[in-house]
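Positions are given from 1 along the sequence. Basis for what follows: all heavy atoms, side chains included, without hydrogens, waters or symmetry-related copies. Only a predicted model underlies this, so the values are computations on that prediction, with no experimental measurement involved.
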Amino acid sequence: MKNVLIAGVIALAPVTGGTPAPTPALPAPTGHHAVGRSDVHLVDSHRPDPWVDGRPRELMVSLWYPAKKTKGRAAPYVTPQESALILKGFPQLEDLPPDTLTKTKTHARAGAPALAKGGGWPLVVMSPGMTMPRATLTSLAEEFASRGYVVAGIEHTYESVATTFPDGRTVTFQAGAGGQTPELGEKVARVRAADTTFVLDELERDRHWNRLIDESRIAMVGHSVGGQSAAHLLPVSDRVKAAVNLDGSYNPDTPAAPVTKPFMMIGNPRQQPVTSGQPKSWDLFWPHVTGTWKRWLTVTGAEHVSFVDYAVLAPQLGMPAFPIGGERSLRITREYVAAFLDTHLKGKRRPLLDGPSADYPEVRFW
């Protein structure tokens, strides 16, 4: 999991030279609502942390939501400590100022007053890839919030390269030191399922968020290991009604129970079905997806990080673009995932999911 991220980013040789570092920017959301963001610190005093000894499990969660229009401060992308540690992981980026990623332009307003809705907004839980902070899901989260969803992005502590808490502590990656094994994959899936369940419990108990969220309409969207975790949680969760896996390989490749709820996988071309030779994890997982609504899609020209913010940030930092441009790949991801959410959380028909589209010829249905 960690190696996949490193391969996907280190393969890009920076060409920054002696030029000043640019100010990165995320694409603006396209929905009708202004977007707010709040960060919450949660401590599960009943659960020891699975990755380090002697601490309870504590999480940072970012919540994006439809907001009343405001001119407040833009929500920060990452903290200075997080920016420095993210960049430090890649020697090719050593010439960039360590705070470069803190300057990334976002579109949500920090702490903006929420826009109330009778019955509450549907909730989308989002889980990032291994080593990746929740911030890498920002462009997707802002988009979904602008379209009328509350989005909870979970930072899975010690599974991210850097996590800063309100008291100033920044902790680093500790999970998976033994390499990618079936045992590690099973543990990560268990940990993330427990993290997600705890976050849902806390949001339900919190009077502020309880009023904003319709708890009968919850979906989960994850990238990489976050996607495989969403797939494994879906069949065993009473609350999660639908899930999307963004390019996450399965480890283990068999769910604990058949996936009968709405489910969609979107990946790079290497995730397309194998026609000969050894089957890959998607081929092995797919027969266990037995529900009446399911989709397997791939995006021509995409790479592993084409579905998250790195798709647009990497070229802005002087790196070569992927075969499919970052703006284009994020637009595709936003449109197809939003269509999925609208279909299964709002009951709206979205023909985009019925088959190939002339507007998005890169997307293949399997």
Discussion item. With clusters defined by side-chain heavy atoms of hydrophobic residues (ILVMFWY) lying less than 4.5 Å apart, directly or transitively, does Leu353 cluster with Trp296?
Written reply: no
Between Arg57 and the options Leu42, Val191, Val43, the side-chain contact (heavy atoms from CB on, under 4.5 Å) test singles out Val191
**OP:** Output yes when a side-chain donor or acceptor of Ser237 lies under 3.5 Å from a complementary backbone atom of Arg239, and no otherwise.
**Re:** yes
Worksheet entry | Verdict with supporting geometry, Gln174 and Thr172, side chain to side chain contact (heavy atoms under 4.5 Å, CB included) | CA-CA 6 Å; Gln174 300 294 331; Thr172 58; 3.6 Å; yes
| query | Does any non-hydrogen side-chain atom of Lys187 lie less than 4.5 Å from one of Pro50? | reply | yes
**Message:** Would the distance check show the side chain of Tyr310 and the main-chain N or O of Thr136 forming a donor-acceptor pair, the cut-off being under 3.5 Å?
**Reply:** no
Check your understanding: Between Gln271 (side chain) and Trp282 (backbone), is there a donor-acceptor pair under 3.5 Å?
Key -> no
**Hydrophobic cluster identity match, Val199 and Leu345, side-chain contacts under 4.5 Å** = no
Step-by-step side chain to side chain contact (heavy atoms under 4.5 Å, CB included) determination, Met126 to Phe144:
CA-CA 11 Å; Met126 298 198 74; Phe144 304 150; 4.2 Å; yes
Scanning both residues in full, the closest heavy-atom pair of Pro133 with Val161 reads CD-CG1, 4.5 Å
Here the gap from Trp64 atom CH2 to Leu140 atom CG, rounded to the nearest 0.5 Å, amounts to 9.5 Å
_Under a 3.5 Å distance rule, please check whether Arg364 uses its side chain to pair with a backbone N or O of Thr298 as donor and acceptor._
no
CG of Leu297 to CG of Asn245, rounded to nearest 0.5 Å, is 11.0 Å
Distance col, row Tyr360:OH vs Arg331:CZ, nearest 0.5 angstrom, shows 4.0 Å
Polar contact flag, side-chain donor to acceptor under 3.5 angstrom, Trp51-Thr157:
no
Shortest non-hydrogen pair, Ala338 vs Arg147, comes out as CB-NH1, 3.3 Å
Rounding to 0.5 Å, atoms CG (Asp247) and CE (Met265) come to a distance of 10.5 Å
Close side-chain approach of Val40 to Glu202, heavy-atom, < 4.5 Å | no
Linking I/L/V/M/F/W/Y whenever their side-chain heavy atoms sit closer than 4.5 Å, directly or via other members, would Leu63 and Leu59 fall into one cluster? yes
Q) How far apart are the C-alpha atoms of Val78 and Thr104, what are their side-chain angles, what is the distance that settles it, and do they pass the side chain to side chain contact (heavy atoms under 4.5 Å, CB included) test? A) CA-CA 8 Å; Val78 291; Thr104 301; over 6 Å; no
Sub-4.5 Å side-chain heavy-atom contact between Pro166 and Met60:
yes
Using only heavy-atom distances, determine whether the side chains of Glu143 and Thr30 contain a donor-acceptor pair under 3.5 Å. yes
field: Any Ser127 side-chain heavy atom under 4.5 Å of Met220 side chain
entry: yes
Hey, does the side chain of Asp309 reach the backbone of Thr138 with a donor-acceptor pair shorter than 3.5 angstrom?
yes
Rounded to the nearest 0.5 angstrom, the CD-OG1 distance for Glu58 and Thr163 is 9.5 Å
inquiry  = Pairing donors with acceptors under 3.5 angstrom, does anything connect the side chains of Asn210 and Glu215?
reply    = yes
> Using 30° and 60° as the class limits, which term best fits the ring planes of Tyr250 and Phe285: parallel, tilted or perpendicular?
Replying inline: parallel
Checklist entry - So, Asp39 and Ser62: side-chain donor and acceptor under 3.5 Å apart, yes or no? => result yes
**Message:** Between Leu246 and Val221, is there a side-chain heavy-atom distance shorter than 4.5 Å?
**Reply:** yes
Heavy-atom nearest pair, Leu341 first then Ala219, reads CD2-CB, 3.7 Å
**OP:** Keeping the roles fixed (side chain from Thr170, backbone from Thr164), state whether a donor-acceptor pair exists under 3.5 Å.
**Re:** no
Taking every heavy atom of Pro27 against every heavy atom of Arg334, the minimum-distance pair comes out as O-NH2, 3.0 Å
Check: Heavy-atom count around Asp167 CG within 6.0 Å, excluding the residue itself: above 12?
Finding: yes
Taking it one step at a time, do Arg37 and His107 satisfy side chain to side chain contact (heavy atoms under 4.5 Å, CB included)? CA-CA 10 Å; Arg37 196 191 91 191; His107 302 277; over 6 Å; no
Does a donor on one side chain sit under 3.5 Å from an acceptor on the other, for Thr290 and Thr260? no
Original post:
Short question: side chain of His223, backbone of His304 - any donor-acceptor pair under 3.5 Å?
Top reply: yes
Here the gap from Glu159 atom CD to Met132 atom CE, rounded to the nearest 0.5 Å, amounts to 13.5 Å
Backbone N/O of Leu203 and side chain of Asp206: donor-acceptor pair under 3.5 Å: no
Val225 side chain near His156 side chain, heavy-atom distance below 4.5 Å
no
In terms of heavy-atom contacts, Pro351 and Arg349 come closest through CG-NH1, 3.1 Å
Does the side chain of Pro24 come within less than 4.5 Å of Leu317's, by heavy atoms?
-> yes
(request) Using distance alone, with no hydrogens and no angle criterion, decide if Ser83 and Asp99 have a side-chain donor and acceptor under 3.5 Å apart. (result) no
inquiry  = I'd like to know if the side chain of Ser306 pairs up with that of Ser329 as donor and acceptor (distance under 3.5 Å, no hydrogens or angles considered).
reply    = no
Closer than 4.0 angstrom, basic N to acidic O: yes or no for Asp214 and Lys346? no
Does Glu155 use its side chain to pair, donor to acceptor, with the backbone of Ser160 at less than 3.5 Å? no
task: Kindly indicate whether the side chain of Trp121, heavy atoms from C-beta on, has any atom under 4.5 Å from the side chain of Tyr65.
output: no
(Q) If we ignore hydrogens and angles and just use 3.5 Å, is the side chain of Arg350 paired with the main-chain N or O of Thr343 as donor and acceptor? (A) no
### Task
Consider only side-chain heavy atoms of I, L, V, M, F, W and Y, link residues closer than 4.5 Å, and tell whether Phe322 and Val308 are in one cluster.
yes
Practice item. Group every Ile, Leu, Val, Met, Phe, Trp and Tyr by side-chain heavy-atom contacts under 4.5 Å, then state whether Val125 and Phe340 land in the same group. Key: no
Closest non-hydrogen atoms of Asp253 and His288, given as atom of the first, atom of the second and distance, are O-CD2, 4.4 Å
